[in-house]
Amino acid sequence: MKAIQMVDTKTQYLKIKEQVDAGIHQVLDTAAYINGKAVHEFSKNLSAYLNVKHTIPCANGTDALQIAMMALDLQPGDEVITPSFTYIATTEVIALLRLTPVFVEVDKATFCIDPKAIEKAITSKTKAIVPVHLYGQAANMEEIMAIAKAHNLYVIEDNAQAIGCDYTFSDGSAKKTGAIGTIGATSFYPSKNLGAFGDGGAIFTNDDSLAEKLKMIANHGQKERYYHDVVGCNSRLDSIQAAILDVKLKYLDEYITARQKAAVFYDKAFAGNERIITPQTAAFTNHVYHQYTLQLSGADRDELNKYLAEQKIPSMIYYPVPAHRQKMFAAFGGGDYELPVTDWLTGTVISLPIHTELDEEQLQYIAGHVLHFINGK
Ligand SMILES: *Cc1c(COP(=O)(O)O)cnc(C)c1O
């Protein structure tokens with residue numbers, strides 16, 4: 001059996017090596033390393049894929065979130081509602097910009113922000129909501145957009161884990177996540193569903209004037225070279241990364257299907273087990289399985305993590321400490337929050353290997369060892 005990895009980008013690369021290498025060499029041949037043709041082509045193709053008007057490429061997903069918030073002219077002290085159960089980048093950029101993160105609960109079944117918790121957290125200072133499409137399924141965007149409209153709030157979708165995910169509204173219409181809110185942000189970190197061979201990110205919007213502003217901010221606040229209208233930053237997607245991503249974008253749907261197949265295997269293997277809660281998908285979204293994350297009930301998650309490592313099966317705890325319990329947020333009253341669902345999840349979740357290259361033998365081996373540990377208790 002091939003060694004099991006949390007993600008296997010090497011095998012994935014080898015299957016499209018010729019195309020990827022050709023893309024890289026084209027950049028080298030033209031020496032257009034910065035803002036080359038590949039960057040424009042990829043941005044155009046990604047806009048078409050997501051059915052969004054503007055894609056603004058940038059250096060990474062954290063920058064994408066930061067630039068999105070900078071473009072909305074939020075003022076120090078303005079409150080931004082975000083889940084506590086997420087990767088640190090989501091919440092960190094809020095504090096970095098001297099805005100106030102307000103941490104709310106997620107739904108226990110789907111791991112995504114709970115719209116009822118958003119409503120309860122709204123004050124006169126609230127300016128924006130940052131839903132995270134965690135692990136690869138959409139947050140309840142219809143309710144979130146309705147709340148935002150009623151209270152005149154911006155919505156920034158953190159789509160770093162869910163690129164390609166389809167959201168279906170109650171009228172039957174569908175949109176890709178990242179193209180629903182005021183602004184969407186994503187990451188092309190190598191392990192993400194659409195991963196570069198280095199860092200990368202992008203920002204999405206359907207609003208023309210916001211797009212102009214996002215572009216300016218990502219480029220030192222300039223529209224015309226050496227004329228700087230606003231304070232911005234330097235955040236670019238490399239041409240080489242764009243060339244690689246443009247090839248991989250063609251395979252994204254295939255990659256998603258492969259992830260979904262692995263998830264179906266796990267679902268079947270763990271069905272009916274009292275101690276294993278398999279991931280649930282809400283009716284309004286599909287799941288692109290950036291992660292396949294179990295909750296354990298009556299079994300020790302850390303012990304399973306250790307046992308699997310002994311069997312040469314990697315597993316990960318996303319995330320062991322929620323944002324509201326991180327030291328960096330002590331000044332925002334992080335410790336005063338009561339978020340029992342979030343605390344439960346940080347103590348019970350474990351993510352199994354899921355990627356495009358897992359074969360049946362590996363899946364059988366992983367599921368077999370999980371069940372052996374769980375049933376042996
Ligand atoms: C990966 C990730 C980010 C940050 O992306 P980087 O490219 O690593 O900066 C932000 N939010 C979430 C939910 C992520 O998973």
Side-chain angles (χ1 to χ4, degrees), residues 6-7 9 42 46 55-70 80-97 101 103-104 106-107 110-113 128-139 141 144 155-165 177-178 180-181 183-204 218 233-238 241-242 244-245 248 259 279 285 287-293 316-324 326 328-329 342 345-346 349 351 354-355:
M6 205 61 199
V7 281
T9 52
F42 170 61
L46 188 55
T55 293
I56 296 98
C58 66
N60 57 64
T62 309
D63 275 10
L65 288 163
Q66 182 186 322
I67 293 162
M69 286 180 211
M70 287 170 79
V80 179
I81 296 174
T82 170
S84 177
F85 191 67
T86 180
Y87 180 56
I88 198 66
T90 319
T91 52
E92 186 182 31
V93 296
I94 299 171
L96 181 74
L97 296 173
F103 304 113
V104 303
V106 289
D107 176 71
T110 65
F111 308 103
C112 287
I113 195 165
I129 308 166
V130 186
V132 182
H133 305 309
L134 201 72
Y135 300 154
Q137 74 168 306
M141 288 307 291
I144 292 168
V155 176
I156 300 164
E157 296 175 79
D158 183 341
N159 198 33
Q161 299 190 3
I163 197 142
C165 177
T177 54
I180 303 168
I183 304 178
T186 203
S187 162
F188 305 122
Y189 185 80
S191 65
K192 299 281 153 93
N193 286 21
L194 180 60
F197 295 169
D199 277 309
I203 313 157
F204 312 108
C233 54
N234 174 26
S235 190
R236 297 187 282 244
L237 179 68
D238 284 355
Q241 298 304 338
I244 294 162
L245 287 164
K248 290 185 77 177
R259 286 171 177 274
T285 174
H287 204 315
V288 299
Y289 292 102
H290 176 60
Q291 299 298 341
Y292 185 90
T293 304
M316 294 290 284
I317 312 303
Y318 301 121
Y319 298 92
V321 183
H324 75 283
Q326 298 286 356
M328 68 156 76
F329 294 125
T342 296
L345 291 176
T346 51
V349 288
S351 299
I354 192 154
H355 55 77

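Counting starts at 1 for both ligands and their atoms, following the listed order.
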Note to self: Quick check on the 6.0 Å ring-centre criterion: do Phe42 and Phe188 meet it?
What the structure shows: yes
Margin query: When you compare the side chain of Leu345 with that of Val106, does any pair of heavy atoms fall below 4.5 Å?
Written below: yes
Item checked: Residues which pass side chain to side chain contact (heavy atoms under 4.5 Å, CB included) with Thr110, listed by chain and number, not counting sequence neighbours -> Asp107, Cys112, Gln137, Ala282
Next item on the list: State which residues pass side chain to side chain donor-acceptor pair (under 3.5 Å) with Ser84; sequence neighbours excluded, sorted by chain then number.
Entry: His324
Margin query: Under the rule for ring-ring contact (aromatic ring centres under 6.0 Å, His included), what residues qualify as partners of His287, not counting sequence neighbours?
Written below: Tyr289
N/O pairs closer than 3.5 Å, ligand 1 and protein:
unit_1: ligand 1; atom_1: 5 (O); unit_2: Ser187; atom_2: OG; d: 3.3
unit_1: ligand 1; atom_1: 7 (O); unit_2: Gly61; atom_2: N; d: 2.8
unit_1: ligand 1; atom_1: 7 (O); unit_2: Ser187; atom_2: OG; d: 2.7
unit_1: ligand 1; atom_1: 9 (O); unit_2: Gly61; atom_2: N; d: 3.3
unit_1: ligand 1; atom_1: 9 (O); unit_2: Thr62; atom_2: N; d: 2.8
unit_1: ligand 1; atom_1: 9 (O); unit_2: Thr62; atom_2: OG1; d: 2.5
unit_1: ligand 1; atom_1: 11 (N); unit_2: Asp158; atom_2: OD1; d: 3.3
unit_1: ligand 1; atom_1: 11 (N); unit_2: Asp158; atom_2: OD2; d: 2.8
unit_1: ligand 1; atom_1: 15 (O); unit_2: Gln161; atom_2: NE2; d: 2.8
unit_1: ligand 1; atom_1: 15 (O); unit_2: Lys192; atom_2: NZ; d: 3.1

Check: How are the rings of Tyr87 and Tyr319 set relative to one another: parallel (under 30°), tilted (30 to 60°) or perpendicular (over 60°)?
Finding: tilted
